[in-house]
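Some notes on the structure that comes next.
This one's a predicted model, so the numbers in the text were calculated from it and none came from an experiment. These values consider heavy atoms only, across backbone and side chains, with no hydrogens, waters or symmetry-generated copies.
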Amino acid sequence: MKSLKEEFYKLDNFSTKWEKYFAVYEDIFQKYKNKDITFVEIGVFNGGSLKLWKNYFGPNSRIIGIDLNKECKKFEDKKNNIEIFIGNQSDEQFWDNFFDSVGKVDVILDDGGHTNIDQIITATKVIENIKDGGLLATEDTHTSYLKEYNSSVKLSFINFVKRMIDDLNSNIDLKTNIEKQYSLKKYIYSIEFFESVVVFNIDKSKTNKNYNMS
């Protein structure tokens with residue numbers, strides 16, 4: 001297979017992607033190629049990227065697209081293990097119903113609505129439902145610096161992640177109510193930052209409380 005970027009531009013109905021994302025994809029997704037994984041992309045648009053991911057991850061992969069637009073259901077191809085769920089990523093009940101239906105997944109790519117509410121609620125609802133060794137990649141995090149995507153600058157997604165860094169590096173419960181509510185350190189092993197992309201690596205087996213070995 002050619003590079004993801006080359007394959008993307010060969011698609012009949014490719015959508016818009018920032019060029020730098022393809023290098024990030026190759027970096028974070030390579031270990032899942034030709035594996036029996038469940039991959040979820042939030043934001044279907046015209047369906048092109050679902051075929052891209054199916055070709056990239058291989059015939060044993062299960063590809064799931066999520067979108068608000070009911071018309072996106074037409075991109076479902078169950079013969080090739082490509083499924084479409086219609087729902088709002090900022091609706092917590094949608095996520096409860098989704099994981100009740102599909103079970104835990106391996107990889108989630110959030111290329112959805114890009115608002116702080118969309119990205120924060122998605123992170124808090126999906127991370128606990130990702131298998132060990134899996135990840136959540138949230139795209140277009142530059143929207144944290146754009147007013148039209150944020151109900152509150154203080155509660156932008158990037159500021160939310162900054163609090164998660166404090167949470168991840170603490171050996172005790174954090175003090176404020178919001179940090180207790182959104183503490184995910186028992187699931188997140190590490191957090192990676194790329195330009196406009198944040199990646200949460202999930203592995204509960206590696207998140208036990210740290211002890212001094214001396």
Where do I108 and I42 land on the side-chain contact (heavy atoms from CB on, under 4.5 Å) test, with the steps shown first? CA-CA 8 Å; I108 298 180; I42 305 165; 3.9 Å; yes
K125 vs D96, salt bridge (charged side-chain N to carboxylate O under 4.0 Å, His left out): CA-CA, chis, key distance, verdict: CA-CA 8 Å; K125 294 299 291 185; D96 291 337; 2.9 Å; yes
Can you check side-chain hydrogen bond (donor to acceptor under 3.5 Å, both in side chains) on D110 and Q119, steps first, answer last? CA-CA 8 Å; D110 183 357; Q119 293 174 337; 5.3 Å; no
Given side-chain contact (heavy atoms from CB on, under 4.5 Å), test L109 with F39 step by step and report yes or no. CA-CA 8 Å; L109 177 62; F39 175 89; 3.9 Å; yes
Show the numbers, then the answer: is there a side-chain hydrogen bond (donor to acceptor under 3.5 Å, both in side chains) between Y187 and N129? CA-CA 9 Å; Y187 305 104; N129 289 292; over 6 Å; no
Run the side-chain contact (heavy atoms from CB on, under 4.5 Å) test on M164 and I188 for me, step by step, so that the C-alpha distance in whole Å, both residues' side-chain angles and the decisive distance to 0.1 Å come before the verdict. CA-CA 9 Å; M164 294 176 76; I188 300 170; 3.3 Å; yes
In sequence, state the C-alpha distance, the side-chain angles, and the governing distance for V40 and V107, and then conclude on side-chain contact (heavy atoms from CB on, under 4.5 Å). CA-CA 6 Å; V40 179; V107 178; over 6 Å; no
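With a 6.0 Å radius and a threshold of 12 heavy atoms from other residues, nucleotides or ligands, E148 has its CD atom above the threshold. Within 6.0 Å of NZ in K186 there are 12 or fewer heavy atoms belonging to other residues, nucleotides or ligands. Atom CD of E195 has 12 or fewer heavy atoms from other residues, nucleotides or ligands within 6.0 Å.
Screening S90, S144, S156, S151 against N116 for a side chain to side chain donor-acceptor pair (under 3.5 Å) leaves a single residue, S151.
Between atom CD1 of residue I191 and atom NZ of residue K162 there is a gap of 13.0 Å, rounded to the nearest 0.5 Å. Atoms CZ and CD1, from R163 and I165 in turn, are 11.5 Å apart once rounded to the nearest 0.5 Å. Atoms OG1 and CD1, on T141 and I158 in that order, are 4.0 Å from each other to the nearest 0.5 Å. Rounding to the nearest 0.5 Å places OG1 of T207 at 9.0 Å from CG of L168. With rounding to the nearest 0.5 angstrom, the OG1 atom of T115 is 7.5 Å from the CG atom of N150. Atoms CD and OH, on Q30 and Y56 in that order, are 5.5 Å from each other to the nearest 0.5 Å.
Put simply, F193 and F200 are part of the same group of oily side chains (I, L, V, M, F, W, Y) that touch within less than 4.5 Å, one to the next. Taking hydrophobic clusters as Ile, Leu, Val, Met, Phe, Trp and Tyr residues chained together by side-chain heavy-atom distances below 4.5 Å, Y149 does not share a cluster with V197. Taken together through direct or relayed side-chain contacts under 4.5 Å among Ile, Leu, Val, Met, Phe, Trp and Tyr, F160 and Y145 form part of one hydrophobic cluster. Under the 4.5 Å side-chain heavy-atom criterion for ILVMFWY residues, a single connected hydrophobic cluster contains both I120 and L184. Under a hydrophobic clustering in which Ile, Leu, Val, Met, Phe, Trp and Tyr are joined whenever their side-chain heavy atoms come within less than 4.5 Å, directly or via other members, F99 and I127 fall into the same cluster.
Here the closest non-hydrogen pair linking D132 and S205 is OD2-N, 3.8 Å. Nearest heavy atom pair, residue K35 against residue K31, reads NZ-O, 3.1 Å. Of all heavy-atom pairs spanning I28 and A137, the tightest one is CD1-CB, 4.0 Å. The nearest pair of heavy atoms linking I130 to I202 is O-CG2, 3.7 Å. Closest approach of I82 to E76, counting heavy atoms only: O-CG, 3.3 Å.
Judged purely by atom type and a 3.5 angstrom limit, K104 uses its side chain to pair as donor or acceptor with the backbone of E128. S49 places no side-chain N or O within donor-acceptor distance of the main-chain N or O of L52, the cut-off being under 3.5 Å. Remark: side-chain polar atoms of D106 are paired, donor with acceptor, to backbone N or O of T38 under 3.5 angstrom. With hydrogens and angles ignored, the 3.5 Å screen pairs no side-chain donor or acceptor of K54 with any backbone N or O of I63. Although no hydrogens or angles enter the test, the distance criterion places no donor-acceptor pair under 3.5 Å between the side chain of W95 and the main chain of T122.
Side-chain N/O atoms of E139 and S196 include no donor and acceptor closer than 3.5 Å. A donor atom on one side chain and an acceptor atom on the other are found under 3.5 Å apart for N80 and D77. When only modelled atom types and interatomic distance are considered, D111 and Y21 share no side-chain donor-acceptor pair under 3.5 Å.
No side-chain heavy atom of V105 sits less than 4.5 Å from a side-chain heavy atom of V126. Counting heavy atoms from C-beta outward, E192 and N201 have side chains that approach closer than 4.5 Å. Using a 4.5 Å heavy-atom threshold, the side chains of V44 and F75 count as touching.
Partners of F85 under the ring-ring contact (aromatic ring centres under 6.0 Å, His included) rule, at least two apart in sequence or in another chain, are F98.
Sorted by first and then second residue, the pairs that involve residues 60-72 and meet side-chain hydrogen bond (donor to acceptor under 3.5 Å, both in side chains), not counting sequence neighbours, are R62-E83.
Under a 4.5 Å side-chain heavy-atom criterion applied to ILVMFWY residues, the cluster that includes Y189 comprises that residue alone.
Ring centroids of W53 and Y32 are separated by 6.0 Å or more, keeping the two rings apart.
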